Amino acid sequence: MKPLWLAALFLLLTGGTAGVLGETGEPPPKPALLEKYRQLLEKQPVEGTALDRLWDLYGKHFSTRELIADYRKRSEADPSNEKLRIVVGLLEKKAGHLEEAVVDFSKAAQLAPDELPAWQALADVQLELGRKADAVKSLETALTLAESPAVKIPLYEKLGNAHSQSKDWKAATEAYEKISEFDPENVQTHLQLARTYDEINIGNRALAHYEAAVKLGEPFQRCTAHRQIGLLWERQDKFDEARVAYESGLQLTSYGNWLRQDLQRRLVGLYERQGRLLELIAQLNKQIRAEPGNLDPRWFLADIYASQNDTDKQIEVLVETLKIASNVADVRKQLADAYRERNDFEKAAVQYAELFHLEGRYLEHATAACEMWVAAKKHGEATKFWKKVLSEHGPDVEWYLAAAHFHSANKMPSDAAVFFNKALEIDPRHVPTLLALGEHYYNLKQTSDAVAVWKKLVVGSEKEDTRIEQQTRLAELLKEHGLHQELPRLA
């Protein structure tokens, strides 16, 4: 009978099951299951399912210390068995005992210097400990033993990363180039190589790998590569090459994408540094005339004017864009924001109101429209719009409460009270509304009305605990507002 599941059998026979079941909520594993994972781990001692499951089962039902001690005892009894020694190292690593793991993996490597698993495991724990020079030696040994590309690629990746962290760029690129040779269509490897070459100022090699990513990658990877190619050319003061790269990246993005915004900023900066921004603006206007239905050059032109704080020109472009894209919410949002920036509050209100109907009736757009009416000193229009919005939306206590809060904050107390009470018609016991209406009356120095509203927070209940809790909450509310004289009346 195998030692690892003797402990499980002992618990089953002695009644230990009840204690374990009480702690974990599930019965202990069957000895056969433990034996299955033990055999799998010893046959192939690597980090994976067998190790994880055995560790989890012992952690839940027995003791991981017991698991480590048992394997260490077996390893010492069979000192020439490198696989048992690797298992001990893996378990020590699981427990966070990295120094012990290094010792065990080193012994395993000494026992079987021509076997790959020990060197892989040793390199991994050395990397985790930050011992890059040692890890490099272990990885190089492992690579001499590895046969298939599937095994070599992750080893070369770790080797490249170790050299990169040590700033040994030449060795890092040699390792990464090996991956590229094994897997020439691996886009991530091309990007990693390009970044490494970029870091050590070998521009032509960086460019070659970025161009490979452009050819092989997904749209986001291609766009990223175009961006980096533009930066490479820009550093070499190659205007046309940088411009082409940035424009190629832009074609792969959509409005609102962060990469699009970044590429536009870089393109504008490129033209500005050459004193040629008017040339870019002229090109965009020419494209707009040639492709009147294409929104991209219009977005870009509006963004340029916004970046130059030329709000009037930005609005001019957006107004023209709206004529061909009246149902595009982003156009209206940008135009509304631009009007707001220019303090043209009434026009901003109109655009936010249109945006409310266009983009799914979001409450934030309704609030923004009404804020603009108030800023334009047209409080009546704000109230009128709120009523229209609420009528179309239908009974909704949260929306009426939002309208009430808006009017209260903007010193329209009578309208606020109407909306508060409309909310209470929908839900007479709605706690947020009762609290807010009471606060509204209190701020107007209508103390008796405030107290009357807050008293509605106390509802009849057959449970004494509930009644006491409600009374206590009301008493605390009154104390917070300095209404101590109202406390005796609560009884």
Side-chain angles (χ1 to χ4, degrees), residues 41 44-52 55 82-83 85-200 202 205-206 209-210 212-213 216-217 221 224:
L41 182 58
Q44 192 172 9
V46 295
E47 292 179 301
T49 302
L51 175 67
D52 291 340
W55 184 267
E82 84 281 358
K83 289 188 175 182
R85 183 64 70 172
I86 295 174
V87 171
V88 176
L90 291 172
L91 293 171
E92 292 285 15
K93 184 182 177 184
K94 269 280 191 185
H97 307 151
L98 300 186
E99 295 291 352
E100 290 86 342
V102 167
V103 172
D104 289 310
F105 293 142
S106 297
K107 287 182 178 177
Q110 291 170 10
L111 287 170
D114 295 331
E115 294 297 326
L116 178 61
W119 293 105
Q120 286 178 303
L122 180 58
D124 286 343
V125 77
Q126 287 168 334
L127 285 171
E128 201 165 333
L129 285 166
R131 297 175 186 168
K132 298 180 184 65
D134 292 338
V136 165
K137 292 178 182 177
S138 298
L139 287 165
E140 288 174 343
T141 302
L143 281 163
T144 65
L145 301 171
E147 296 180 358
S148 70
V151 176
K152 287 184 176 182
I153 286 173
L155 290 172
Y156 275 118
E157 183 177 2
K158 291 173 184 176
L159 183 60
N161 291 342
H163 284 309
S164 292
Q165 290 166 15
S166 300
K167 307 295 183 185
D168 187 345
W169 303 118
K170 183 176 183 297
T173 53
E174 287 176 357
Y176 290 136
E177 288 286 7
K178 286 290 185 181
I179 304 174
S180 188
E181 290 173 14
F182 285 124
D183 188 5
E185 295 192 357
N186 188 316
V187 180
Q188 286 300 335
T189 301
H190 284 297
L191 289 172
Q192 179 64 62
L193 274 165
R195 285 191 288 267
T196 304
Y197 282 123
D198 204 354
E199 185 79 25
I200 56 178
I202 303 179
R205 294 301 299 144
H209 285 287
Y210 279 132
L216 300 168
Q221 293 168 320
T224 300

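This structure is a prediction, so every number in the text was calculated from the model and none was measured.
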Pairs meeting criterion side-chain hydrogen bond (donor to acceptor under 3.5 Å, both in side chains) with involvement of residues 105-115, two or more places apart = none
Is there any side-chain hydrogen bond (donor to acceptor under 3.5 Å, both in side chains) pair reaching into residues 118-130, and which pairs are they, with sequence neighbours excluded?
->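 Listed by first then second residue: Asp124-Lys158, Gln126-Ser138.
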Under-4.0 Å salt bridge between Glu199 and Arg195 |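 No, Glu199 and Arg195 are not salt-bridged.
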Nearest non-hydrogen partners of [X] and [Y], listed with the distance:
{"X": "Ala108", "Y": "Ile86", "result": "CB-CG1, 3.5 Å"}
{"X": "Leu116", "Y": "Ala142", "result": "CD1-O, 3.3 Å"}
{"X": "Pro149", "Y": "Pro154", "result": "O-CD, 4.5 Å"}
{"X": "Leu90", "Y": "Phe105", "result": "N-CZ, 3.5 Å"}
{"X": "Asp198", "Y": "Ala206", "result": "N-CB, 3.8 Å"}
{"X": "Val102", "Y": "Val125", "result": "CG2-CG1, 3.5 Å"}

For [X], enumerate each residue passing the salt bridge (charged side-chain N to carboxylate O under 4.0 Å, His left out) test, keeping only those at least two apart in sequence or located in another chain.
{"X": "Asp52", "value": "Lys94"}
{"X": "Glu181", "value": "none"}
{"X": "Arg205", "value": "Glu177"}

Qualifying residues under side chain to side chain donor-acceptor pair (under 3.5 Å), relative to [X], sequence neighbours excluded:
{"X": "Lys167", "value": "none"}
{"X": "Gln192", "value": "Thr196"}
{"X": "Glu185", "value": "none"}

Working to the nearest 0.5 Å, report the span between [atom1] of [X] and [atom2] of [Y].
{"X": "Asp104", "Y": "Leu91", "atom1": "CG", "atom2": "CG", "result": "9.5 Å"}
{"X": "Gln44", "Y": "Thr49", "atom1": "CD", "atom2": "OG1", "result": "10.5 Å"}
{"X": "Leu122", "Y": "Leu127", "atom1": "CG", "atom2": "CG", "result": "9.5 Å"}
{"X": "Asp183", "Y": "Ile153", "atom1": "CG", "atom2": "CD1", "result": "5.0 Å"}

Can you tell me which residue pairs pass the salt bridge (charged side-chain N to carboxylate O under 4.0 Å, His left out) test with a partner in residues 130-139, sequence neighbours excluded?
-> Glu99-Arg131
Summary of salt bridge (charged side-chain N to carboxylate O under 4.0 Å, His left out) pairs that have at least one residue in residues 142-157, sequence neighbours excluded | none
Of all residues at least two apart in sequence or in a different chain, which pass the side chain to side chain contact (heavy atoms under 4.5 Å, CB included) check with Ser148?
-> Ala150, Val151
Is there a side-chain contact between Leu159 and Leu143 (heavy atoms, below 4.5 Å)?
-> yes
Note, Val46 side chain near Leu51 side chain (heavy atom, < 4.5 Å) | no
Tell me, yes or no, whether the heavy-atom count around Lys93 atom NZ, taken from other residues, nucleotides or ligands under 6.0 Å, exceeds 12.
-> yes
Which ring-ring contact (aromatic ring centres under 6.0 Å, His included) pairs, counting each pair once, include a residue from residues 156-190, with sequence neighbours left out?
->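 For residues 156-190: His190-His209.
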Given Lys178 and Glu174, is the salt bridge (charged side-chain N to carboxylate O under 4.0 Å, His left out) satisfied, shown in steps?
-> CA-CA 6 Å; Lys178 286 290 185 181; Glu174 287 176 357; over 6 Å; no
